[in-house]
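Working notes, beginning with the structure itself.
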Amino acid sequence: MKEKSGGVFEELLETQQIFDDREYLRSSYVPENLPHREEQIDKLARIWVAPLRGETPSNVFIYGKTGTGKTATVKYLMEELEGVASDLSKEIEVSYLNCEVVDTKYRVLATLANNVREELIDGVDVEDLSDFPDEVPMTGWPTDEVYENLVELLDYREQFIIVILDEIDRLVSKGTSDVLYLLSRLNSDLTNAKVGVVGISNDLEFASDLDPRIKSSLGEEEVVFPPYNAPQLEDILEERSEKGFSDGILEDGVIRLCAAHAARKHGDARKALDMLRNAGEIAEEEKSKKVTTSHVTKASKKIERDRMEEAVESLPNQSKLVLMSVLVLQERKSSRVSTGDIYEVYSSLCQQQGWEVLSRRRVSGLISELDMMGVVNARVVSNGRHGRTKEVELKVDPLQVRSAVQDEIYVQDLDSLPVRKQKRLG
DNA sequence: AATCCACAGGAAGCCCGGGAAC
DNA sequence: GTTCCCGGGCTTCCTGTGGATT
């Protein structure tokens, strides 16, 4: 190995360092300073100071779209809270659940119980362990027994527990909102401990189809995180890039461009950061001395491409076949692809694969779905006597479609596919 | 003005797999 | 285990429609 020094690694070391520490440029990183969230932080801090004073904290609903800093703000405040609590030797525990993963009544209660149990084991002498309720298995117990177990664990000592339910709207849409009812009245079953519930939702409307009792009890306080505008995003990016990038590596306008892109996409700070980091990575690959706006443009395209590729790959097989039909038709006779054309090609492709042929109605629906995803562009046009149809146009790179689709589908002999006689138009 | 094409897209109901309740 | 229920994918049937053609 030694004689090879001077090779790859040294070369890499000699080139200009783009990143100082790219961790700061990831959206998962929780910064200690959250620009333009002073109002929300202030409001939440007022709520969560309660347990430090020995009072029960109010339950809170937090609303805001993705990338508006909800989770980061809450995590930051919780760290602070736990820090201050241990200074004052108060028992305050935080239990964080992501409801996208923990998405049933049983799992919420079980995960919560096990979290509480773990904290408890850390907090008290190990010899007491035999008194503890058992660990809840991830399946098997009746739900009410899990609940009793949880209550027992919570009440084991005087303490405050803050339960954070991230992506809480997932619970409601899956119809498991009765667990929220249980949580909302948890305090009435407790004597030593007090629980505060924090619900974080991407969906601003989600509370509207919630049982009014749950709504009023869990939503005692509401905090809204509005989307960032472009200047605010710039501030955030500025702050992160100071730590994340080497000094002076960013060309003027790079941050502004990233912010502008993301501001157009609903003020999503996560997207803005991804774009900035990607731009840096592209600059690094190109061994560039600076990160320029053209790197940002490339990053933006790359992100879009990756998104599309993932979308196409994760499509159900039937949809892939429909997409393939659009591709075939477009290559064959260029543009002006109509639903009827697609259906014919689709059904023969289907037979070729030995698959069931879906109905016209369904295929029409699948085309609409592809349209909504942005994989194709479909618009309804009327050709007078020749009827109304959708004109479909591929919106992604044909090569991408090919590579994504070919894993599952082997298309043989495209020339044998039917082509409808070209009708006269205009 | 009336006709009629080639679909769009809504409504209702079927089927099937999986999870909860019995 | 069985039964029940639910949601999603799908079909069938249907009504609606913009504008070239008659």
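Every value quoted in this text rests on a predicted model; they were computed, and no experiment measured them. Values below: all heavy atoms of this structure, side chains included; hydrogens, waters and symmetry mates excluded. Below, chain A is the first sequence line, B the second, and so on; all start at residue 1.
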By the salt bridge (Lys or Arg N to Asp or Glu O under 4.0 Å) test, which pairs, at least two apart or in different chains, include something from [range]?
range                       : answer
residues 40-62 of chain A   : A/D42-A/R46
residues 375-384 of chain A : A/R379-A/E391
residues 27-36 of chain A   : A/E32-A/K243

Taking NZ, NE, NH1 and NH2 as the nitrogens, is one of them in [X] or [Y] under 4.0 Å from a carboxylate oxygen of the other?
X      : Y      : value
A/D306 : A/K302 : yes
A/K301 : A/E304 : no
A/E79  : A/K75  : no
A/E93  : A/R157 : yes

State whether A/S364 places a side-chain N or O below 4.0 Å from either non-bridging phosphate oxygen (OP1 or OP2) of B/dA8.
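Checking A/S364 against B/dA8: at least one side-chain N or O falls below 4.0 Å of OP1 or OP2.
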Phosphate OP1/OP2 of B/dC5: any A/S382 side-chain N/O under 4.0 Å
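Answer no for this pair, as no side-chain N or O of A/S382 is under 4.0 Å from OP1 or OP2.
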Can you tell me how far [atom2] of [N] sits from [atom1] of [X], to the nearest Å?
X      : N     : atom1 : atom2 : answer
A/I342 : B/dA6 : CD1   : C1'   : 14 Å
A/R379 : B/dA8 : CZ    : P     : 14 Å
A/I367 : B/dA8 : CD1   : C1'   : 11 Å
A/L370 : B/dA8 : CG    : P     : 13 Å

Can you tell me if A/E313 has over 12 outside heavy atoms packed within less than 6.0 Å of its CD?
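Enclosed: over 12 neighbouring heavy atoms sit under 6.0 Å from CD of A/E313.
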What bend angle does the helix from B/dA1-C/dT22 to B/dC22-C/dG1 show across its length, from five-pair end axes and to the nearest 10 degrees?
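Helix axis angle between the two ends: 20°.
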On DNA chain B, check which nucleotide each of A/G387 and A/S368 is closest to and give me the residue with the more 5' one.
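Closest to the 5' end, via its nearest nucleotide, is A/G387.
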Go nucleotide by nucleotide along DNA chain B from the 5' end; which of A/K390 and A/R385 gets its closest nucleotide reached first?
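It is A/R385 whose nearest nucleotide is closer to the 5' end.
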Quick tally for nucleotides 8-16 of chain C: nucleotides whose base has a protein heavy atom under 4.0 Å get B, sugar-phosphate-only ones S, the rest -, giving --SSB----
Report the residues that fulfil side-chain hydrogen bond (donor to acceptor under 3.5 Å, both in side chains) with A/S95, sequence neighbours left out, ordered by chain and then residue number.
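Result, side-chain hydrogen bond (donor to acceptor under 3.5 Å, both in side chains) vs A/S95: A/N115.
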